[in-house]
Q: 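The following block contains the structure, expressed as structure tokens.
Since we're looking at a predicted model, the values are computed, not measured.
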Amino acid sequence: MKAFLAEYSVCNDPELAPEGAAMLAAISESFARCGYDVVTPEGPDFEGEIRRLAPGCDVGLVIAPDHLIFRYTHLLEQFTHNIGCGSMNAAVCANKQRTAAILARHGIEVPPDAGEGRRVVKPIMGCGAQGVRLTDEEPGAGEFAQAYIEGETLSVSLVGSRVTGNVCEYYSGNPPLLLAVNRQEIAVAEDGSFRYLGGETPVNPERREEVVSTAVHAMNVLGCQGYAGIDIIAGDRMYVVDVNPRPTTSLVGIAAVMEEEIADILVAASHGEAPAEVHLFGRVRFDKDGRISRI
């Protein structure tokens, strides 16, 4: 069996490459332990490498910045069995402004539009904390503004069985699988720019059930499949601030404490057969480049 694992930043984005390499290593090593031959792009021509390598593989997964994930996932789906989020759902999640509007229409709290004064300005299509800043300026082209919310910064790592939002060949009706709740470390520099520094997993915050149920609701509304990271600020309410329809850095920490193999989970979920739970042992901190230390 062969698994095609394509992580965009490793060959194309030096700033994000260490983070991408850590995620790719965690997933690749899991597939290797599960008996797969792992195939990855060998150069920066990402589209060409998908066309060249994916047809010879049994399963495939694309990890790419949000503004590119639809394009490359849609291409992958033409050549092999996609074990990540479907391309159309990924395209919706990539537009942060549209995602917030959809979630709000379904009764999920999101940061409200910004009023006067200090606000969070972010790219409509962005990745991580890149381009996100706390400012009193108006958003520029390709940006939008939301109110600044005080609270605990968390993420919820879920794996959706195909499909949690609409019907397809492998629909099972199974709810998303909870991998872990993670604490995110976000710093705000003097110039107001946000910096993602890493996090800690697993954590057991107050109102944990509400955190998880909010994340599951968001994932179901958007129809995400495979691994997804739902970013939440736990303040006076549970605010969903981002939905990442792909593996996130938290996976590096989760894989280090999870008894099950993420490869097995992703493949099973892609056929609607994810397990009901996973087993985590210990706790770790991870930095933005995927380096791990046990707590």
Side-chain angles (χ1 to χ4, degrees), residues 1-7 23-40 50-51 53-64 69-93 156-180 212 215-230 243-248 250-252 254-255 258-280:
M1 295 184 295
K2 287 187 177 181
F4 177 66
L5 305 177
E7 206 292 325
M23 287 188 286
L24 180 61
I27 300 172
S28 297
E29 290 165 8
S30 181
F31 270 95
R33 288 191 295 268
C34 293
Y36 286 80
D37 293 327
V38 177
V39 179
T40 59
I50 293 173
R51 292 183 181 276
L53 297 171
C57 295
D58 300 282
V59 297
L61 175 67
V62 165
I63 307 172
I69 197 165
F70 164 78
R71 171 185 173 186
Y72 292 127
T73 299
H74 180 64
L75 182 63
L76 179 80
E77 290 168 340
Q78 299 174 45
F79 297 115
T80 192
H81 178 69
N82 175 29
I83 59 172
C85 189
S87 58
M88 293 302 297
N89 304 83
V92 172
C93 295
V156 182
S157 298
L158 301 168
V159 176
S161 283
R162 188 162 302 199
V163 174
T164 63
N166 48 1
V167 176
C168 80
E169 182 180 0
Y170 298 107
Y171 178 72
S172 65
N174 291 340
L177 166 67
L178 171 65
L179 296 181
V212 173
V216 168
H217 189 189
M219 186 166 185
N220 283 336
V221 163
L222 295 167
C224 295
Q225 308 164 38
Y227 189 105
I230 317 299
V243 176
N244 301 289
R246 53 175 172 73
T248 63
S250 300
L251 174 59
V252 177
I254 294 168
M258 185 169 65
E259 181 179 288
E260 293 79 7
E261 290 288 353
I262 189 61
D264 281 340
I265 290 171
L266 291 175
V267 173
S270 75
H271 293 96
E273 300 170 352
E277 62 179 349
V278 296
H279 303 87
L280 307 179

Q: I need the I254 CD1 to S157 OG distance, nearest 0.5 Å.
A: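 Result: 3.5 Å between the selected atoms.
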Q: Walk me through it: do I83 and L61 pass the test side-chain contact (heavy atoms from CB on, under 4.5 Å)?
A: CA-CA 6 Å; I83 59 172; L61 175 67; 3.9 Å; yes
Q: So F70 and P245, do their side chains get closer than 4.5 Å, heavy atoms only?
A: no
Q: Please report the shortest heavy-atom distance between E273 and S161, naming the atom on each side.
A: N-OG, 3.9 Å
Q: Can you tell me how far CZ of R246 sits from SG of C224, rounded to the nearest 0.5 angstrom?
A: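 The SG atom of C224 sits 11.5 Å away from the CZ atom of R246.
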Q: Can you tell me how far CZ of R33 sits from CG of D264, rounded to the nearest 0.5 angstrom?
A: 10.0 Å
Q: Does the side chain of S270 come within less than 4.5 Å of N82's, by heavy atoms?
A: no
Q: Give the C-alpha distance, both sets of side-chain angles, the deciding distance and a yes or no for side-chain contact (heavy atoms from CB on, under 4.5 Å) between V59 and L266.
A: CA-CA 10 Å; V59 297; L266 291 175; over 6 Å; no
Q: Starting at CD of E77, measure out to CD1 of I50 and round the result to the nearest 0.5 Å.
A: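 Going from CD on E77 over to CD1 on I50, the span is 10.5 Å.
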Q: Answer yes or no: is there a donor N or O on one side and an acceptor on the other, between the side chain of S28 and the main chain of A25, under 3.5 Å?
A: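 No; judged by distance alone, with no hydrogens or angles, the pair does not exist.
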Q: Checking side-chain contact (heavy atoms from CB on, under 4.5 Å) for the pair V92/L222: CA distance, chi angles, key distance, verdict?
A: CA-CA 8 Å; V92 172; L222 295 167; 4.1 Å; yes
Q: Shortest non-hydrogen contact from I63 to M23?
A: CG2-CE, 4.3 Å
Q: Assess whether side-chain contact (heavy atoms from CB on, under 4.5 Å) is satisfied between L158 and L178, documenting all intermediate values.
A: CA-CA 5 Å; L158 301 168; L178 171 65; 4.0 Å; yes
Q: Out of curiosity, Y36 OH to S30 OG, how far, rounded to the nearest 0.5 Å?
A: 10.0 Å
Q: Where is the tightest heavy-atom contact between D58 and M1, given as atom of each residue plus distance?
A: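 For D58 versus M1, the nearest heavy atoms are OD2-CA, 3.1 Å.
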Q: Using every non-hydrogen atom in the two residues, find where A218 and I230 come nearest and quote the distance to one decimal.
A: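 Closest pair (atom of A218, atom of I230, distance): CB-CG2, 4.4 Å.
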Q: Closest heavy-atom contact between E260 and H279?
A: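 Distance-wise, the nearest heavy atoms are OE2-ND1, 2.6 Å.
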Q: Using side-chain heavy atoms (C-beta onward) and a distance below 4.5 Å, is I27 in contact with E7?
A: no
Q: Taking the six-membered ring for Trp, are H271 and H81 parallel (under 30°), tilted (30 to 60°) or perpendicular (over 60°)?
A: parallel
Q: Please tell me if the side chains of L179 and V159 come closer than 4.5 Å, counting only heavy atoms from C-beta onward.
A: yes
Q: Can you confirm whether N220 sits close enough to P176 that some side-chain heavy atom of one is under 4.5 Å from a side-chain heavy atom of the other?
A: yes
Q: What's the separation between atom CG in L53 and atom OG1 in T80, rounded to the nearest 0.5 Å?
A: 11.0 Å
Q: Going by heavy atoms in the side chains, are I265 and Y227 under 4.5 Å from each other?
A: no
Q: Are P175 and V216 packed together at the side-chain level, in the sense that at least one heavy-atom pair is separated by less than 4.5 angstrom?
A: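 The answer is no; the side chains never approach within 4.5 Å.
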Q: Given 3.5 Å as the limit, does a donor-acceptor pair link the side chain of D37 with the main chain of K2, or not?
A: no
Q: Would one find more than 12 heavy atoms of other residues, nucleotides or ligands at under 6.0 Å from atom CE of M88?
A: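 Counting other residues, nucleotides and ligands, CE of M88 stays at 12 neighbours or fewer.
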Q: What are the two closest non-hydrogen atoms of L76 and A54, and how far apart are they?
A: CD1-CB, 3.9 Å
Q: Quick one: does C85's side chain get under 4.5 Å of C93's, heavy atoms only?
A: no
